[in-house]
Amino acid sequence: MNEQRFKKEERLSHKKDITLLFSQGKSFFVTGYLIKWKIAGNPLPSPVQVLITVPKRNFKKAVDRNTIKRKIKEAYRNNKKPLYELILQKGVHLQLGIVYTGKRMPTYNEVEEKILLILRQAKKEYEKSVS
RNA sequence: GGAGCAGAUUAUCCUGUCGCACCGGUUUUUCCGGUGAGGAAAGUCGGGACACUGCAGAGCACCAUACUUCCUAACAGGAAGGUUUCGGGUAACGCCGAAAACAGCCAGUGCCACAGAAAAUAACCGCCCCGCAUGGGGUAAGGGUGAAAAUGUGAGGUAAGAGCUCACGCGGAUGUGUGGUGACAUGCAUCCGGGGUAAACCUUAUGGAGUGAAAGGCCAUGUAUACCGGGGCUCCGCUGAUGCGGAUAAGGGCUGCUCGCCCAAGCCCGGGGGGUAGGCCGUAUGAGGUUGCAGGCGACUGUAAUCCGAGAUAAAUGACAGGACAUGACAGAAUCCCGCUUAUCGAUCUGCUCUGUUU
RNA sequence: GCCGUUGUAGCUCAGGGGUAGAGCACUUCCUUGGUAAGGAAGAGGUCAUGAGUUCAAAUCUCAUCAACGGCU
């Protein structure tokens, strides 16, 4: 599989899964971001399913929410490879929710920096809970 | 030439790498090709299409609209016109521009703070008459208060005054002539002249069921029990019986109310198939766009040719690098259309205002 | 996406055409050895914003903005 891709199977799209993730999932913070994560009970179509959200409360305009989501998606797509390798090795799948809680419009470089931090932290948490 | 305001049109482009959604091909997990947000997609303010639900009927209530004619599927939209008001201009008209929720306070009711004598059948001061005076009466010319105080000018008239009378105006009602499809304009006759307010209640005229794609249809899964039909169910009469006819009425339904109409609980039998999660349809060829011709002052209509231009379901257009002078404004489709309103960088055009220079 | 409600003092709310109010909170003074309670006085408002109707608008009408709620 081409690890640069970001198909629909890699996105968390079922409503039930989303409510479960937010009610039962564990969480950690990286400045400006809230991360929800949960070990999947059953195998998923993809090693990781991810959900990206920007709250309407902080950004009233749909255009702004769209651009932030696209930037996060782009940064995730370009940097997800190490996490995937780890999970394929362990064989237990993961569900992930990324919420942007900042109040102002970030640039792409800022987003990428934070996403790298988030992925590193997620790897650590995953390793701890699997072993 | 510059600045400001208002309106209209337009809404950056190209190359490379990686990536997203849909469609088609190839084929079975890859590759190739095509297409991929807006003028407002926004606000959800009007109006429809479409879908389901409801509906015996009448009255009241409620809601909406409100100069005329036309356009439109329809509208609180648009076009052309009328009237009024405001501004410019003129000696004055004519004229030019802008705006208007622009039916009716001559149907009724209510309200009009403060001030003022009085805020709607007005007497405080003043004026005049009677009277020694207190006081009584007449009077809306003059004063002052107020947002608003009783049709203007002149003459007659009178104790003083007053549409009290007359002339010419102003405003209105009724009848009628002329022009216009009509709003209306204009002429004549008669009558009237005690305000404003209907975005106060209201009157008149016209129109009006409700819910929105989370509507709704189908499939698969499949069970509470909604719903439907029959039996049974209060009293009376007729009948041998089945059955038929009548009466009573709590309650429920029919748009909020009234009239009026309709239904008949629990229980048994049969039919039937809700919710949740999922898939398909609805769903993108339409009141469609472009161009030509014809009709119309115009909005628009007719006709011919031609084109197909997003379609997701947690939701697709992005990131990076480079170039053209630059990062470009407001801003992201979710059933679909027609309007309205609001937001908007730069450029172009039109109109108005101010100002500099040249002739 | 669709439907609806509300914006008035620092907070919670009245007022529905005629000089903007109540309770709590705040400030000063009295009372007390001191504090609380109590009493007296005071300050604090673009009535969300912009137009319109009216002599006059927080109130009536329209537009805009913001906050909140309901429908899966």
Side-chain angles (χ1 to χ4, degrees):
Chain A
M1 182 181 281
N2 191 333
E3 59 280 329
Q4 291 282 317
R5 297 185 147 250
F6 187 60
K7 297 291 263 188
K8 185 150 182 192
E9 292 81 48
E10 304 175 50
R11 274 179 264 153
L12 188 59
S13 61
H14 288 275
K15 192 174 174 159
K16 209 187 239 172
D17 296 341
I18 294 164
T19 42
L20 272 175
L21 173 67
F22 276 88
S23 60
Q24 297 180 7
K26 298 173 185 171
S27 58
F28 63 89
F29 291 91
V30 172
T31 327
Y33 297 82
L34 163 65
I35 312 303
K36 281 273 178 183
W37 64 276
K38 186 171 172 294
I39 301 294
N42 305 317
L44 303 171
S46 150
V48 183
Q49 284 193 324
V50 70
L51 169 81
I52 298 163
T53 300
V54 179
K56 196 174 187 178
R57 186 171 293 275
N58 294 340
F59 293 91
K60 294 217 61 86
K61 290 175 188 166
V63 174
D64 296 341
R65 292 198 299 274
N66 276 349
T67 41
I68 291 167
K69 272 152 77 178
R70 282 167 183 161
K71 280 172 181 168
I72 292 170
K73 194 168 79 184
E74 195 65 20
Y76 175 80
R77 182 175 72 78
N78 287 327
N79 298 294
K80 68 186 178 180
K81 199 176 168 186
L83 183 65
Y84 269 54
E85 281 170 350
L86 178 71
I87 287 171
L88 283 172
Q89 196 186 328
K90 299 273 184 185
V92 182
H93 291 175
L94 181 70
Q95 288 175 328
L96 203 63
I98 302 174
V99 182
Y100 184 75
T101 54
K103 292 268 160 66
R104 54 171 205 86
M105 188 53 102
T107 64
Y108 178 74
N109 288 334
E110 287 169 357
V111 170
E112 188 159 38
E113 202 177 302
K114 295 292 181 188
I115 291 294
L116 283 170
L117 267 174
I118 287 163
L119 289 174
R120 217 171 297 144
Q121 180 79 14
K123 249 168 86 177
K124 229 182 280 173
E125 299 268 356
Y126 174 80
E127 272 181 322
K128 221 188 291 171
S129 73
V130 166
S131 57

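A, B, ... follow the sequence lines: proteins, then strands. Residue 1 opens every chain.
By the side-chain contact (heavy atoms from CB on, under 4.5 Å) test, A:Ile52 is found to be paired with A:Lys69, A:Ile72, A:Lys73, residues two or more places apart in sequence or in another chain being considered. For A:Glu74, the salt bridge (Lys or Arg N to Asp or Glu O under 4.0 Å) partners are A:Arg77, not counting sequence neighbours. For A:Asn79, the side-chain hydrogen bond (donor to acceptor under 3.5 Å, both in side chains) partners at least two apart in sequence or on another chain are A:Glu112. Remark: A:Glu113 pairs with no residue by the salt bridge (Lys or Arg N to Asp or Glu O under 4.0 Å) rule, at least two apart or across chains.
With hydrogens and angles ignored, a donor-acceptor pair closer than 3.5 Å exists between the side chain of A:Arg70 and the base of B:G332.
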For this session: Could you give me the CA-CA distance, side-chain angles and deciding distance for A:Phe28 and A:Leu34, then say whether side chain to side chain contact (heavy atoms under 4.5 Å, CB included) is met?
Result: CA-CA 6 Å; A:Phe28 63 89; A:Leu34 163 65; over 6 Å; no
Problem set entry | Chi angles and distances behind the side chain to side chain contact (heavy atoms under 4.5 Å, CB included) call for A:Leu86, A:Tyr126 | CA-CA 9 Å; A:Leu86 178 71; A:Tyr126 174 80; 3.7 Å; yes
Exercise. What's the verdict on side chain to side chain contact (heavy atoms under 4.5 Å, CB included) for A:Val92 and A:Ile87, showing C-alpha distance, side-chain angles and the deciding distance?
Worked result: CA-CA 6 Å; A:Val92 182; A:Ile87 287 171; over 6 Å; no
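Across every strand in view, B:U165 sits in a pair with B:A155 that passes the Watson-Crick or G-U test at under 3.5 angstrom. The partner of B:A99, taking Watson-Crick or G-U wobble pairs whose two distances both stay under 3.5 Å, is B:U84. Nucleotide B:G210 forms a pair with B:C52, judged by Watson-Crick or G-U wobble geometry with both contacts under 3.5 Å. Partner assigned to B:G346 is B:U10, using Watson-Crick or G-U wobble distances below 3.5 angstrom. Here B:C325 sits opposite no nucleotide as a Watson-Crick or G-U wobble pair (both hydrogen-bonding atom distances under 3.5 Å). Using the Watson-Crick or G-U wobble rule with both distances under 3.5 Å, B:G94 pairs with nothing in any strand shown. Across every strand in view, B:C354 sits in a pair with B:G2 that passes the Watson-Crick or G-U test at under 3.5 angstrom.
The residue among A:Asn109 and A:Ala62 whose nearest nucleotide of RNA chain B lies closer to the 5′ end is A:Asn109. Along RNA chain B, the nucleotide nearest to A:Asp64 and the one nearest to A:Leu51 differ in position, and the one closer to the 5' end is contacted by A:Leu51.
Using P as the reference atom, B:A324 and B:C32 are 32 Å apart when rounded to the nearest Å. Comparing B:A200 with B:C105, their C1' atoms sit 11 Å apart, to the nearest whole Å. If you take atom C1' in B:A250 and the same atom in B:U242, they sit 33 Å apart, rounded to whole Å. Taking the C1' atom of each, B:C102 and B:G296 are spaced 29 Å apart, rounded to whole Å. Atom name C1', nucleotides B:A319 and B:G288: the rounded distance is 36 Å, in whole Å. If you take atom C1' in B:U53 and the same atom in B:C227, they sit 15 Å apart, rounded to whole Å. With P as the reference atom, B:A294 and B:A287 are 29 Å apart, rounded to whole Å. The separation of B:A103 from B:G77, taken at their P atoms, amounts to 15 Å, rounded to a whole angstrom.
At a threshold of 4.5 Å between side-chain heavy atoms, the hydrophobic network of Ile, Leu, Val, Met, Phe, Trp and Tyr places A:Met105 and A:Val63 in two separate groups.
Nearest to the side chain of A:Asn66, among B:C320, B:A37, B:G19, sits B:A37. The A:Glu74 side chain lies nearest to B:G318 when the options are B:G332, B:G318, B:A314.
Between the NZ atom of A:Lys69 and the P atom of B:A316 there is a distance of 6 Å, given to the nearest Å. Taking atom CD1 on A:Ile68 and atom P on B:G332, their separation rounds to 13 Å, with Å as the unit. Between the CD1 atom of A:Ile52 and the P atom of B:A316 there is a distance of 11 Å, rounded to whole Å. Spacing between atom CD of A:Glu112 and atom P of B:C18 amounts to 17 Å, rounded to whole angstrom units. The separation between A:Ile72 atom CD1 and B:A319 atom C1' is 14 Å, rounded to whole Å. The interatomic distance linking A:Asn79 (CG) with B:C18 (C1') rounds to 13 Å, in whole Å. Nucleotide B:G318 holds its P atom 17 Å from the CZ atom of A:Arg65, rounded to whole Å. Atom CZ in A:Arg77 sits about 4 Å away from atom C1' in B:G19, given to the nearest Å.
Formation of a donor-acceptor pair under 3.5 Å by the A:Ser27 side chain with backbone atoms of A:Ile35 is not found in this model.
At least one side-chain nitrogen or oxygen of A:Lys73 sits closer than 4.0 Å to the OP1 or OP2 atom of B:U317. For B:A331, one of the phosphate oxygens OP1 or OP2 lies less than 4.0 angstrom from a side-chain nitrogen or oxygen of A:Lys61.
Because its NZ or CZ atom is not both nearer than 6.0 Å to the ring centre of A:Tyr84 and within 45° of the ring axis, A:Lys81 does not count as a cation-pi partner of that residue.
Classification of the A:Tyr100-A:Tyr33 ring pair by plane angle, with boundaries at 30° and 60°, yields perpendicular.
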Exercise. Under a 3.5 Å cutoff on both atom distances, Watson-Crick or G-U, what's the dot-bracket for RNA chain C ([ ] crossing, | other strand)?
Worked result: ((((((((.[[[[.)..(..]]]].(((((.......))))).....[[[[[..)....]]]]]))))))).
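For the residue pair A:Pro82 and A:Lys123, the shortest heavy atom distance occurs at CB-NZ, 3.9 Å.
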Could I get a table of every N or O pair under 3.5 Å where one atom is in the protein and the other is in nucleotides 38-41 of chain B?
none

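An anti base is found at B:G260: its glycosidic angle is more than 90° from 0.
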